[in-house]
There are 2 protein chains.
Amino acid sequence: MENDIFRELKYLAFTARLKRISDNMLYNAKDLYKELELDIDPNWHLIFMMFKEKDTLTMTEIADAFQISQPAVIKIINKMKQKEYLIFTKDATDSRKQLLQLSAKAKENLPKLEKVWEAGRKSIMEILEGNETILEQLDEIENQISKMNYKQRVLKNLQDD
Amino acid sequence: MENDIFRELKYLAFTARLKRISDNMLYNAKDLYKELELDIDPNWHLIFMMFKEKDTLTMTEIADAFQISQPAVIKIINKMKQKEYLIFTKDATDSRKQLLQLSAKAKENLPKLEKVWEAGRKSIMEILEGNETILEQLDEIENQISKMNYKQRVLKNLQDD
DNA sequence: TATATTTGCATAACTAGTTAAGTAAATTAA
DNA sequence: TTAATTTACTTAACTAGTTATGCAAATATA
């Protein structure tokens with residue numbers, strides 16, 4: 001590990017390091033669910049969390065909240081439907097909309113799933129121990145990117161020569 | 001942005017936030033290279049950096065340094081070869097090994113590419129301004145994960161109930 | 001009220017990673 | 001010195017995201 005090129009490169013490898021960590025956590029989570037014989041995907045817990053606050057959601061609401069593309073949401077949601085965790089109904093007043101709700105199966109499984117997610121939350125707390133300010137730093141970073149994104153900044157910095 | 005579920009969820013959404021940021025940067029970088037009409041991929045600059053220290057590399061050396069899988073390295077390297085940025089030769093003493101070297105085309109293009117990477121480095125510095133300690137925090141986080149990974153921690157925390 | 005624009009969802013093709021499984025060469029051990 | 005193991009690379013199938021494009025319904029506008 002001492003000879004880790006990512007650490008040497010500092011700023012230049014920042015994105016690659018975020019990717020390396022998030023990929024590692026993602027594949028760990030997939031592996032975990034497999035071992036626990038749970039037929040769910042790692043990103044579903046965020047969807048479940050949204051349903052805690054509102055029992056009916058649309059694709060667009062989820063895409064907005066997660067800031068991912070609509071096609072990405074459609075894939076996640078269709079898989080949840082296929083595995084019978086969600087029910088789709090057409091909106092009576094706007095037939096373009098798919099109204100999404102948790103199924104009975106989802107609600108039945110919720111207590112078991114919440115135990116796993118709580119253990120996950122604790123695990124992240126352990127991993128971040130002593131470095132909790134990273135969460136506020138991520139806020140700040142996303143804030144900076146929303147003001148001017150990476151591409152725009154590079155183009156600006158190229159001109160400044 | 002005030003209503004961002006990821007920020008509310010704190011620890012539970014940590015991984016998703018890392019992914020969101022790194023994906024955003026990745027697609028920005030791809031878009032940037034396209035606009036600048038450079039036929040290179042965002043992750044190539046790390047490979048080029050490795051060639052600064054050693055002019056001949058193998059697939060395995062790259063996989064170890066980046067901590068990504070061999071198949072991932074093969075894909076990156078084959079594309080660099082296909083675009084004529086790399087030359088492959090078989091190791092004379094160990095015919096399993098592919099020796100990789102930068103091509104003449106790569107060396108010619110290097111000054112132009114390095115300008116872009118330097119502007120990229122500056123851009124990351126801007127984005128991280130005031131939050132530079134995130135780099136050490138990422139070190140610490142990777143260190144924690146290497147001691148006990150996410151999956152192992154969740155399994156442990158599930159037992160502790 | 002006909003037309004133009006916007007919104008919500010869907011599909012296709014692509015990308016950068018993964019795991020699983022396999023082959024051939026090199027090395028180690030009986 | 002044969003057999004077993006390890007190493008270096010490869011291929012196939014999968015995953016979770018992206019952009020580009022399209023369509024139909026709803027809304028705004030002339």
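Chain naming here is simple, since letters A, B, ... match the order of the sequence lines and numbering starts at 1 in each.
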Tell me which nucleotide among dT15(C), dG8(C), dA16(D) gets nearest to the side chain of Thr60(A).
->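 Out of dT15(C), dG8(C), dA16(D), the nucleotide with an atom closest to Thr60(A)'s side chain is dG8(C).
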Taking atom [atom2] of [N] as reference, at what distance in whole Å does atom [atom1] of [X] sit?
X	N	atom1	atom2	result
Asp31(A)	dT15(D)	CG	P	14 Å
Leu26(B)	dC14(C)	CG	P	17 Å
Ile21(A)	dA16(C)	CD1	P	20 Å
Arg20(A)	dT18(C)	CZ	C1'	16 Å
Met25(A)	dT15(D)	CE	C1'	18 Å
Lys30(A)	dA20(C)	NZ	P	12 Å
Gln98(A)	dG8(C)	CD	P	13 Å
Ile74(A)	dC9(C)	CD1	C1'	5 Å

Thr133(B) versus Gln137(A), side-chain donor and acceptor atoms under 3.5 Å |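 A donor-acceptor contact under 3.5 Å links the two side chains.
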When you check the side-chain N and O atoms of Glu126(A) and Asn157(B), is any donor under 3.5 Å from an acceptor?
->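 Present: a donor and an acceptor within the cut-off.
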Derivation of the salt bridge (charged side-chain N to carboxylate O under 4.0 Å, His left out) call for Lys79(A) and Asp39(A) = CA-CA 11 Å; Lys79(A) 189 164 178 194; Asp39(A) 64 339; over 6 Å; no
Cluster question for you: counting only ILVMFWY and a side-chain heavy-atom cut-off of under 4.5 Å, with indirect links fine, are Ile40(B) and Leu110(B) together?
->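 Shared cluster, yes.
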Mind running salt bridge (charged side-chain N to carboxylate O under 4.0 Å, His left out) on Asp139(A) and Arg17(B) for me, showing each step along the way?
-> CA-CA 9 Å; Asp139(A) 282 352; Arg17(B) 293 186 67 188; 2.7 Å; yes
Contact string for nucleotides 17-29 of chain D, one letter per nucleotide 5' to 3', B = base within protein heavy-atom range under 4.0 Å, S = sugar-phosphate only, - = neither, reads BBBB----BS---
If you group Ile, Leu, Val, Met, Phe, Trp and Tyr whenever their side-chain heavy atoms sit less than 4.5 Å apart, what else falls in with Tyr27(B)?
->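 Members alongside Tyr27(B): Leu26(B).
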